[in-house]
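Below you'll find the structure, written out as structure tokens, and then a few comments.
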Amino acid sequence: MECRMAWGKLNPCYQDAVAIRKAVFINEEGIDPKDELDGTDEDKMHYVGYVDDQPVTTARIDMLAGNRVKIQRVATVASARHHGYAGQLIKQIIGDAQRSDVAHIELDAQLPAIAFYQELGFEPVGEPFEEAGIQHRTMRYKAAQ
């Protein structure tokens, strides 16, 4: 899998990321487009994983105060699931963050995905909460604390 990334919205990588997010979050999970396309993509880094030049997985990165990174909008198209692509993408993001001396990496995982993120080195913190009608839990990358 090839990973590409780009800041903001004016690039092909972003268009591929949005196509994956629409397919997964809006069409499959029924999330309101206003919640998914929240108007903040311009200020984020978008990662997309490609297999045979086709976009299959994506994540959005938010740079937070205090040299922290929040991984958001992790999604993989249905036909590419269970091949390890999202895990590869998350590992790429973690590596990039560590090379940039990021102090702290976190994400808000949907409850069914907690075990997936734990395998990648994240630990749950705090209590579950609801976002866009779906239960989530904040997780932190333990090696980056």
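Keep in mind that what you see is a predicted model, and the values were worked out from it rather than measured.
- Proximity of F122 to I71: side-chain heavy atoms (C-beta onward) are separated by under 4.5 Å at one or more points.
- Separating the CG atom in N67 from the CG atom in D101 is a distance of 7.5 Å, to the nearest 0.5 Å.
- At least one donor-acceptor pair closer than 3.5 Å links the side chain of R81 to the backbone N or O of T76.
- Of the inter-residue distances, the one linking R60 atom CZ with D43 atom CG reads 9.5 Å to the nearest 0.5 angstrom.
- When the shell of 6.0 Å around NZ of K70 is examined, it contains more than 12 heavy atoms from other residues, nucleotides or ligands.
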Exercise for the section: Show the numbers, then the answer: is there a salt bridge (charged side-chain N to carboxylate O under 4.0 Å, His left out) between D38 and K44? Expected result: CA-CA 12 Å; D38 61 2; K44 309 287 191 288; 5.9 Å; no
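- Residues Q72 and T40 are not in side-chain contact: their nearest non-hydrogen atoms beyond the backbone lie 4.5 Å or more apart.
- Heavy-atom neighbours of E127 CD from other residues, nucleotides or ligands within 6.0 Å: at or below the threshold of 12.
- Between D53 and R4 a salt bridge is recorded (basic side-chain N to carboxylate O distance below 4.0 Å).
- Within the 4.5 Å cutoff, the side chain of T57 has heavy atoms near those of the M1 side chain.
- Take D96 and apply the salt bridge (charged side-chain N to carboxylate O under 4.0 Å, His left out) test, not counting sequence neighbours, and it matches R99.
- By the 4.5 Å heavy-atom criterion applied to side chains, L89 and V74 are not counted as neighbours.
- The nearest pair of heavy atoms linking A103 to G66 is CB-O, 4.1 Å.
- From Q15, atom CD reaches atom NE2 of H46 across 9.5 Å, with rounding to the nearest 0.5 Å.
- Scanning both residues, E131 and R73, for their nearest heavy atoms gives OE2-NH1, 4.3 Å.
- With sequence neighbours excluded, the residues forming a side-chain contact (heavy atoms from CB on, under 4.5 Å) with S79 are V77, listed by chain and number.
- Panel note: side chain D41, backbone L37; no donor-acceptor pair is recorded below 3.5 Å.
- A donor-acceptor pair under 3.5 Å is formed between the side chain of R137 and the backbone N or O of G126.
- Across all their heavy atoms, V56 and A80 have their closest contact at CB-CB, 3.6 Å.
- At least one side-chain heavy atom of M63 sits less than 4.5 Å from a side-chain heavy atom of V69.
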Can you give the donor-acceptor pairs under 3.5 Å from side chains of residues 109-118 to other protein atoms, not counting sequence neighbours?
| from | atom 1 | to | atom 2 | distance (Å) |
| --- | --- | --- | --- | --- |
| Q110 | NE2 | E29 | OE1 | 3.0 |

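- In terms of modelled atom types and a separation under 3.5 Å, the side chain of D52 and the main chain of Q54 share no donor-acceptor contact.
- No donor-acceptor pair under 3.5 Å is formed between the side chain of R68 and the backbone N or O of E106.
- The shortest distance between side-chain heavy atoms of I93 and I61 falls below 4.5 Å.
- For the pair D35 and F25, the minimum side-chain heavy-atom distance is 4.5 Å or more.
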